[in-house]
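These notes are about the structure you will find just below.
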Amino acid sequence: SNLGFRKAMKSIGVNLIQTQVGDRYVLRGLREHRATFGGEQSGHVIFLDDLVTGDGLLTGLRLLEVVAASGRSLADLRREAITEYPQILRNVRVSDTGRLDDAEPIWSAVRRVEEDLGDDGRVLVRASGTEPLVRVMVEAATKEQAAAIADELIGVVRSELI
């Protein structure tokens, strides 16, 4: 999820649980923490009290329930809910995603960037589960800052894995 969402939830006392990317990990996290609602930024949303998989129709109906109960427009609710942080997601084609875990220069660069960003940004570097790609996602206060950091990390990924 976007860092703005995380900060908004924290401000109203909602505890967020972070899992690996993928519905199966979201489902596992829901079960482990005895939670009933979870999802991914991709739009996969699980209402565990109803289903063990994401369902777009159910998500839409639940969203309509909130809109109807509030008496406000969805646009108004969205504006009030979060201030979204700019997010850059880039893919780097590599020959072997399995080498990512042991590529210490990449993880060293990620740690340094995370330290520099503090609570005002976020970095996610991961191997794609379906393609020979390393995904680099950066959130920061400005789009320019996020892009610059993504470019820097992509350079390290390329130098180590291509």
Side-chain angles (χ1 to χ4, degrees), residues 1-48 54 59 62-63 66-67 70 72-92 94 97 99-131 133-161:
S1 63
N2 188 274
L3 182 59
F5 175 77
R6 293 166 178 264
K7 287 186 172 194
M9 294 301 100
K10 184 177 181 180
S11 75
I12 61 172
V14 173
N15 182 34
L16 292 178
I17 299 159
Q18 184 173 326
T19 69
Q20 293 180 44
V21 174
D23 284 2
R24 68 179 173 195
Y25 299 112
V26 172
L27 179 59
R28 181 185 303 157
L30 290 170
R31 288 180 168 156
E32 286 176 6
H33 294 277
R34 306 185 96 175
T36 59
F37 174 72
E40 299 184 282
Q41 186 167 332
S42 65
H44 297 150
V45 178
I46 299 173
F47 294 93
L48 194 53
T59 302
R62 290 280 179 98
L63 182 58
V66 171
V67 171
S70 72
R72 298 172 61 201
S73 73
L74 180 57
D76 284 345
L77 293 172
R78 166 63 171 85
R79 269 191 299 277
E80 183 180 298
I82 69 169
T83 300
E84 208 169 315
Y85 277 60
Q87 187 178 85
I88 301 292
L89 174 61
R90 299 211 177 113
N91 296 318
V92 181
V94 298
T97 58
R99 293 179 34 225
L100 177 62
D101 287 345
D102 297 324
E104 182 52 35
I106 295 171
W107 302 116
S108 177
V110 168
R111 284 190 298 272
R112 182 183 46 72
V113 166
E114 287 176 330
E115 190 174 300
D116 290 346
L117 287 170
D119 291 338
D120 291 321
R122 188 168 67 108
V123 174
L124 175 65
V125 175
R126 70 175 186 89
S128 168
T130 59
E131 300 175 89
L133 302 172
V134 170
R135 302 194 193 285
V136 176
M137 188 281 299
V138 179
E139 290 174 335
T142 68
K143 187 174 184 175
E144 294 77 18
Q145 181 185 23
I149 293 168
D151 288 344
E152 175 187 344
L153 293 174
I154 286 167
V156 178
V157 169
R158 283 187 173 134
S159 71
E160 293 298 312
L161 300 181

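When atom types are taken as modelled, the side chain of Ser108 and the backbone of Pro105 share no donor-acceptor pair closer than 3.5 angstrom. For the pair Glu139 (side chain) and Ala146 (backbone), a donor-acceptor distance under 3.5 Å is absent. Side-chain atoms of Glu160 never come within 3.5 Å of backbone atoms of Ala103 as a donor-acceptor pair (strictly under, hydrogens ignored).
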Apply salt bridge (charged side-chain N to carboxylate O under 4.0 Å, His left out) to residues Lys7 and Asp120 and explain how you reach the verdict. CA-CA 10 Å; Lys7 287 186 172 194; Asp120 291 321; 3.1 Å; yes
Check against side-chain contact (heavy atoms from CB on, under 4.5 Å), Leu161 and Val92: CA-CA 9 Å; Leu161 300 181; Val92 181; over 6 Å; no
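Shown here for Ala109 and Val156, the closest heavy-atom pair between the two residues is CB-CG2, 4.2 Å. Ala8 and Ile82 get closest at one heavy-atom pair: CB-CG2, 3.4 Å. Considering every non-hydrogen atom in both Ala140 and Leu117, the closest pair reads CB-CD2, 4.2 Å. Taking both residues in full, the closest heavy atoms of Thr97 and Ala127 are given as CB-CB, 3.7 Å, listed atom of the first, atom of the second, then distance.
Between the CD1 atom in Ile17 and the CZ atom in Arg28 there is a gap of 13.5 Å [rounded to 0.5 Å]. Interatomic distance, CD of Glu114 versus CH2 of Trp107, reported as 9.0 Å (0.5 Å rounding). Distance check, rounded to the nearest 0.5 Å: CZ of Arg122 to CD1 of Ile149 gives 13.0 Å. Once rounded to the nearest 0.5 Å, the distance linking CE of Met9 with CG of Asn15 reads 12.0 Å. The NE2 atom of His44 sits 13.5 Å away from the CG atom of Leu27 when rounded to the nearest 0.5 Å. Atom CZ in Arg72 sits 13.5 Å away from atom CZ in Arg78 (nearest 0.5 Å).
Two residues are said to be in side-chain contact when any heavy atoms from C-beta on lie closer than 4.5 Å; Ile106 and Val134 fail this criterion. Counting only heavy atoms from C-beta outward, the side chains of Glu40 and Asp23 approach each other to under 4.5 Å. Leu153 has its side chain within reach of Val138: a pair of non-hydrogen atoms, C-beta onward, lies under 4.5 Å apart. Looking at Leu77 and Ser70, their side chains come closer than 4.5 Å, going by heavy atoms from C-beta outward. Residues Val125 and Leu100 have side chains in contact (heavy-atom distance under 4.5 Å, counting atoms from C-beta outward). For the pair Leu89/Arg135, a side-chain contact is recorded, criterion being any heavy-atom separation below 4.5 Å from C-beta on. In this structure the side chain of Arg31 reaches within 4.5 angstrom of the side chain of Leu48, judged on heavy atoms. The shortest distance between side-chain heavy atoms of Gln87 and Leu3 does not fall below 4.5 Å.
In this structure, Glu104 places its CD atom where more than 12 heavy-atom neighbours from other residues, nucleotides or ligands lie under 6.0 Å away. Annotation for Arg24: atom CZ does not count as buried by contact number, only 12 or fewer foreign heavy atoms lying within 6.0 Å.
Relative to the ring axis of Phe47, Arg62 places its NZ or CZ within 45° and under 6.0 Å from the centre.
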